[in-house]
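Below you'll find the structure, written out as structure tokens, and then a few comments.
In what follows, chains are A, B, ... by sequence order, proteins preceding strands, each numbered from 1.
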Protein chains: 2
Amino acid sequence: MSREPRARRQPYSVDVVALTPRDNELAVLLERRGDGAGRDKSVRWVIPWTVSKSGEGLTELSQRALRNSTGAATTWTTQVGAFSDGPHPGGSELSILYVALVPMGQATVSSENFEWFRLSDLPALTERQSQMLQVSVAAVRDRLDLYPVAFKLLPATFTLSELQHIYELLLGRRLHKASFRRALAAAALVEPTDEWRSEGRGRPAQLYSLGTRKRRRGKRGVRFDLLG
Amino acid sequence: MSREPRARRQPYSVDVVALTPRDNELAVLLERRGDGAGRDKSVRWVIPWTVSKSGEGLTELSQRALRNSTGAATTWTTQVGAFSDGPHPGGSELSILYVALVPMGQATVSSENFEWFRLSDLPALTERQSQMLQVSVAAVRDRLDLYPVAFKLLPATFTLSELQHIYELLLGRRLHKASFRRALAAAALVEPTDEWRSEGRGRPAQLYSLGTRKRRRGKRGVRFDLLG
DNA sequence: TCAATAGTGTCTGTTAGACATTATGGA
DNA sequence: TCCATAATGTCTAACAGACACTATTGA
């Protein structure tokens with residue numbers, strides 16, 4: 001990399017879409033654009049990113065981007081893909097995109113340059129950034145049944161109603177309470193703790209944690225839940 | 001595939017894992033390593049790749065890599081991700097990985113430098129290449145219920161038994177014939193043609209094609225088919 | 001007490017898997 | 001004819017969704 005001339009154009013950047021539950025939907029962490037350098041003055045918010053400095057790996061880069069934007073502790077991240085369409089605020093050709101899931105209630109910001117936006121209330125974004133955000137959310141959604149991503153949006157212990165709300169939020173539809181719990185029990189996914197939480201009126205809810213038991217993929221029939 | 005001089009470190013390459021069904025399992029297209037320039041002389045096969053020339057997009061790059069390796073017509077490709085661990089045969093820091101699915105019976109090679117290998121009978125690969133291959137296969141497998149990837153491994157018309165074999169190959173387990181067909185019918189995924197095919201003994205099978213009807217995602221309950 | 005939420009038991013229609021049966025060709 | 005494969009009907013156990021009900025707290 002250092003053999004290349006000091007180009008105006010970075011070869012690639014690592015961009016991080018951080019998501020957290022907020023007001024019954026997802027919220028994304030955006031960075032205020034410092035100057036008016038961009039051609040499109042109306043775009044004032046961008047997806048946080050970093051560029052490689054000295055042989056850092058992609059994972060380290062994504063972690064650094066996260067540390068710079070949320071002050072929060074390490075959160076779960078996974079790579080989404082590489083994007084090249086449209087301009088990037090940092091001038092990079094390629095955006096290597098990571099999505100990070102921040103547990104409910106831990107969505108902080110490191111400075112005033114960062115802010116969380118609900119997906120239904122987004123500021124204007126460039127084409128590439130908008131596409132990256134959309135693909136990030138889809139990636140999380142589509143892995144919902146395969147990977148325990150819903151749990152990454154919750155603290156270590158949670159109530160089953162909270163867990164169901166996360167699933168409903170990600171799936172975009174209501175779920176049946178009894179069925180949801182039966183499926184959870186069948187998969188031995190969660191383990192009860194001996195704590196309860198009382199919130200406002202109503203019976204207190206028992207707190208659960210993600211189970212530690214080895215689960216194996218059920219030998220269930222094939223479903224053709226194709227999109228489109 | 002005209003390569004940059006080896007001394008120059010490419011910022012990134014586009015690598016393509018082409019997969020096709022072969023002998024009841026998947027096979028991958030590899031390129032013979034031309035010279036003995038690598039440190040590890042035992043590695044003689046690599047995943048085909050290209051490097052950017054003049055502002056080509058990622059998709060175009062992957063298509064070019066494919067055209068260079070299989071002489072075949074355009075096949076279905078999708079991006080898998082970006083990899084940076086370990087050395088790359090072309091010296092690139094980053095590998096942007098695409099997976100291409102080549103229909104059964106169309107797995108040709110463009111020259112003697114390329115060869116198809118069954119996954120159970122692979123030659124030695126570098127760490128990054130081995131990882132990329134593994135992730136590619138997993139990506140196809142994991143999207144099986146969401147995207148019609150199985151059909152990309154078949155010609156335009158096929159028998160239901162062939163389709164089931166592809167699913168079994170990808171899932172790594174046997175499926176129930178009647179259930180498989182019921183699920184297909186329920187999803188209105190395939191449409192019968194008026195052709196039949198007789199192969200060896202036994203009753204001839206009707207040929208089907210992928211249906212054109214709009215399918216929407218069923219409002220089915222949540223499954224927790226978590227891995228590991 | 002009422003209101004609100006947690007958690008569970010029961011019923012029913014649907015579906016996955018097992019099994020059996022028919023259909024249709026080749027050896 | 002026997003054999004192999006396609007295609008389909010029937011039965012049953014499991015499960016998803018609906019509904020009702022109990023449980024437990026705060027107002």
query: Centroid-to-centroid, B:Phe151 to B:Tyr208, below 6.0 Å?
result: no
Without decimals, in angstroms, what is the distance between [X] [atom1] and [N] [atom2]?
| X | N | atom1 | atom2 | result |
| --- | --- | --- | --- | --- |
| B:Phe180 | C:dA18 | CZ | P | 16 Å |
| B:Arg174 | C:dA18 | CZ | C1' | 14 Å |
| A:Gln164 | C:dT5 | CD | C1' | 12 Å |
| B:Arg201 | D:dC2 | CZ | C1' | 8 Å |
| B:Phe224 | D:dC15 | CZ | C1' | 14 Å |
| A:Leu163 | C:dG7 | CG | P | 12 Å |
| A:Leu184 | C:dA6 | CG | C1' | 15 Å |

- prompt: Which part of the nucleic acid, if any, lies within reach of A:Thr159 when heavy atoms closer than 4.0 Å are counted: base, sugar-phosphate only, or nothing?
  reply: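 Nothing: the residue A:Thr159, judged by heavy atoms under 4.0 Å, touches no strand.
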- prompt: Under 4.5 Å between any side-chain heavy atoms of A:Phe180 and A:Leu163, yes or no?
  reply: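 They are in contact (side-chain heavy atoms under 4.5 Å apart), so the answer is yes.
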query: Quick one: does A:Phe83's side chain get under 4.5 Å of A:His88's, heavy atoms only?
result: no
Which nucleotide, [options], lies nearest any side-chain atom of [X]?
| X | options | answer |
| --- | --- | --- |
| A:Pro204 | C:dA3, D:dT24, D:dC2 | D:dT24 |
| B:Leu160 | C:dA6, C:dA16, D:dA7 | D:dA7 |
| B:Arg181 | C:dG9, D:dA6, C:dA3 | D:dA6 |
| A:Arg182 | D:dA7, C:dA27, D:dA18 | D:dA18 |

task: Spell out yes or no: do the side chain of B:Ser198 and the base of C:dG25 have one donor N/O and one acceptor N/O closer than 3.5 Å?
output: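 Donor-acceptor pair under 3.5 Å: no.
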task: Please state whether the base of D:dA6 and the side chain of B:Arg203 form at least one donor-acceptor pair under 3.5 Å?
output: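 Yes.
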- prompt: Taking the nucleotide of DNA chain C with the closest heavy atom to each, which residue, B:Arg223 or A:Gln206, is nearer the 5' end?
  reply: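 Its nearest nucleotide being more 5', the pick is A:Gln206.
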message: For A:Ala205 and A:His176, find the nucleotide of DNA chain C closest to each by heavy atoms; which residue's nucleotide sits nearer the 5' end?
response: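 Of the two residues, A:Ala205 wins.
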- request: Kindly check if the number of other-residue, nucleotide or ligand heavy atoms within 6.0 Å of CD (A:Glu25) is above 12?
  value: yes
task: With DNA chain D as reference, determine whether B:Trp196 or A:Lys177 sits nearer its 5' end, using the nearest nucleotide of each.
output: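 Here B:Trp196 is the residue nearer the 5' end.
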query: Start at the 5' end of DNA chain D and walk down; is the nucleotide closest to A:Ala183 or to B:Ala178 reached first?
result: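 Mapping each residue to its closest nucleotide by heavy atoms, the 5'-most match is B:Ala178.
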query: Between the side chains of B:Asp142 and A:Tyr147, does any donor sit under 3.5 Å from an acceptor?
result: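 Judged by distance alone, the side chains do pair up.
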